[in-house]
Amino acid sequence: MNDTPQDGAAEFRGIPLGAPIRPIDPDTRTRYMRQTIFPGIGLRGQERLAAARILVVGAGGLGSPVVTYLARAGVGSIGVVDDDVVEVSNLHRQFLHSEMDSGTPKTSSAAKAVAEANPDVTLIEHRVRFSAENADEIVRGYDLVVDATDGFAARYAIADATTRVGLPCVWGAVIGLDGQVSTFWSRAPQPFALRDLWPVEPPASELSCATAGVLGPLCGVVGSWMAVEAIKLIVGLGRPLVGRLLSIDGASSTTVEIEVRTAHSEPARTPVPRPVRWMDVDELHDALSGPISATVVDVRERDEHERISISGTLSVPLSVLGPETIGVLPDGPLIVHCKTDIRARQARDILLAAGRDDVTVVRGGIDAWLRRFPVDHKDGIRSVEVFS
């Protein structure tokens with residue numbers, strides 16, 4: 001019986017669990033009846049959920065739906081790592097907490113909410129800041145880790161620790177109206193890690209939910225998708241997002257799936273381990289004010305570009321960035337940007353892998369541009385010709 005996901009080779013039966021699987025009390029089955037009648041879960045899957053130990057790092061906008069749905073699904077033990085307290089300004093998206101919890105530790109608030117939602121579940125509080133120093137010690141007590149953080153240092157600490165220990169890591173990110181979900185697992189048949197997407201940790205950025213804003217329901221969408229991924233991995237359901245990145249565009253209500261091949265599978269799109277070359281919006285503004293030798297490429301979707309774009313940029317959406325479109329890009333340096341800079345960094349990796357060596361990413365994207373150069377009219381902001 002295989003416990004690792006194989007594309008077309010064998011049935012995925014779920015990740016290895018550290019705790020023994022025991023029958024569920026018949027009186028308890030009523031709570032999960034709507035789950036267990038689903039053939040993809042059944043009684044076996046529910047018993048695996050009850051035996052599972054899942055660590056959720058972050059009890060905020062993403063952690064709220066993740067913890068809520070995992071607890072209500074019957075995951076036996078949920079660890080929550082967070083050293084912050086509940087703040088009223090975050091409650092529009094952090095529905096695990098209430099205004100009455102303001103000022104209390106998020107882990108305590110999460111424990112109270114889980115106890116009210118499902119007394120079958122044990123919530124373990126880790127009221128610490130997750131870091132490279134304590135990462136291995138914390139994750140070793142679990143079967144799976146969910147990264148619901150919002151900082152580069154924590155994300156890379158989680159990614160590196162789960163890679164070393166061999167645990168799968170469900171990962172998600174949200175900024176503004178952009179969201180992403182993926183699953184990293186160093187022990188999958190085709191190992192996949194955060195550093196396969198972004199080999200070098202980016203420098204700290206001013207871009208965050210506090211500065212760029214975030215729509216609460218999009219956190220719910222991404223966090224719910226992360227909970228689905230975690231449940232799939234535990235019960236052995238469907239095809240996990242290992243080796244794939246799901247990009248969600250809330251503005252256009254579209255999703256794009258990007259398959260990321262790693263060095264283990266000798267891809268055409270193997271990410272190149274080079275530090276990101278950054279350009280801030282002031283530098284871009286200065287460059288566009290005079291003769292410019294580089295081509296500025298907007299990798300947002302075309303409807304985003306048509307609504308608002310920086311004059312003089314070329315639209316090549318990330319969803320169509322491949323050999324054909326790369327082949328017709330002008331020679332010379334490329335400057336890529338998106339709404340923030342998440343998709344631009346993905347585009348940069350694809351371009352580098354295709355042999356375009358001189359690629360610069362605009363930090364903060366068009367959102368940063370509009371914050372720095374606000375406009376009340378369309379001067380300097382217009383649509384330009386796009387690839388057909």
Side-chain angles (χ1 to χ4, degrees), residues 31-32 49-50 52-131 134-135 137-139 141-151 153-155 157-158 161 169-175 179 181 208-231 234:
R31 176 184 292 273
Y32 309 112
L49 286 171
R53 303 166 301 172
I54 298 181
L55 179 71
V56 181
V57 186
L62 293 175
S64 287
V66 170
V67 171
T68 298
Y69 278 117
L70 293 183
R72 291 177 183 270
V75 171
S77 298
I78 301 175
V80 176
V81 183
D82 204 308
D83 69 336
D84 204 358
V85 298
V86 177
E87 297 180 16
V88 173
S89 62
N90 291 325
L91 293 180
H92 78 289
R93 68 189 187 280
Q94 298 181 4
F95 59 78
L96 189 61
H97 319 292
S98 70
E99 189 165 353
M100 294 180 62
D101 301 316
S102 180
T104 64
K106 286 183 179 177
T107 55
S108 299
S109 176
K112 182 183 70 172
V114 166
E116 292 172 353
N118 191 346
D120 296 342
V121 176
T122 299
L123 189 137
I124 304 161
E125 296 186 51
H126 299 274
R127 199 178 301 171
V128 296
R129 179 174 293 274
F130 195 97
S131 67
N134 61 19
E137 179 184 358
I138 294 175
V139 305
Y142 295 90
D143 305 309
L144 182 151
V145 177
V146 178
D147 178 356
T149 62
D150 61 359
R155 290 189 181 282
I158 295 166
C169 174
V170 177
W171 173 93
V174 174
I175 192 77
V181 187
S208 67
C209 292
T211 59
V214 62
L215 191 65
L218 187 62
C219 294
V221 170
V222 173
S224 296
W225 214 310
M226 294 165 70
V228 169
E229 273 295 292
I231 291 171
I234 295 297

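Note that the structure is predicted; figures quoted are calculated from it, not measured.
- Looking at Val121 and Val75, their side chains never come closer than 4.5 Å, going by heavy atoms from C-beta outward.
- Judged by distance alone, the side chain of Glu125 and the main-chain N or O of Ser108 form a donor-acceptor pair under 3.5 Å.
- Considering only heavy atoms from C-beta on, Thr68 comes within 4.5 Å of Leu96 through its side chain.
- Of all heavy-atom pairs between Ala52 and Ile234, the closest is CB-CD1, 3.8 Å.
- Dense packing is recorded around OH of Tyr142, with more than 12 heavy atoms of other residues, nucleotides or ligands lying under 6.0 Å away.
- The closest side-chain heavy-atom distance from Trp171 to Thr149 is not below 4.5 Å.
- Under the side chain to side chain contact (heavy atoms under 4.5 Å, CB included) test applied with Val114, the options Asp120, Leu123, Val80 reduce to a single match, Leu123.
- You'll find the side chain of Pro65 reaches within 4.5 Å of the side chain of Phe95, heavy atoms only.
- Between the side chain of Asp83 and the backbone N or O of Phe130 there is no donor-acceptor pair closer than 3.5 Å.
- Note: Met100 CE to Ser109 OG = 10.5 Å, rounded to the nearest 0.5 Å.
- Note: Arg93 CZ to Leu215 CG = 11.0 Å, rounded to the nearest 0.5 Å.
- With rounding to the nearest 0.5 angstrom, the CG atom of Leu70 is 12.0 Å from the OG atom of Ser77.
- More than 12 heavy atoms of other residues, nucleotides or ligands sit less than 6.0 Å from atom CZ of Arg31.
- One side chain, Asp101 or Ser98, offers a donor N or O that lies under 3.5 Å from an acceptor on the other.
- Across every non-hydrogen atom of Ser131 and Ala157, the tightest pair is C-CB, 3.8 Å.
- Counting heavy atoms from C-beta on, the side chains of Asp147 and Val170 never come closer than 4.5 Å.
- We find the OG-NZ distance between Ser64 and Lys106 to be 8.0 Å, quoted to the nearest 0.5 Å.
- Taken from CG in Asn118 to CD1 in Ile78, the straight-line distance is 8.5 Å, to the nearest 0.5 Å.
- The nearest pair of heavy atoms linking Val222 to Gly179 is CG2-CA, 3.9 Å.
- A salt bridge does not link Asp82 to Arg127: none of the charged side-chain nitrogens sits closer than 4.0 Å to a carboxylate oxygen.
- Between Arg53 and Asp143, at least one side-chain N (NZ, or NE/NH1/NH2) sits under 4.0 Å from a carboxylate O, which counts as a salt bridge.
- For the pair His97/Leu91, a side-chain contact is recorded, criterion being any heavy-atom separation below 4.5 Å from C-beta on.
- Side-chain contact between Leu55 and Val146 is absent, with no heavy-atom pair separated by less than 4.5 Å.
- Of the charged side-chain nitrogens involved, none lies within less than 4.0 Å of a carboxylate oxygen, so that Asp150 and Arg155 do not count as a salt-bridged pair.
- The structure places OG of Ser224 at 10.0 Å from CG of Leu62, a figure rounded to the nearest 0.5 Å.
- Using a 4.5 Å cut-off on side-chain heavy atoms (C-beta onward), Thr104 and Val85 make no contact.
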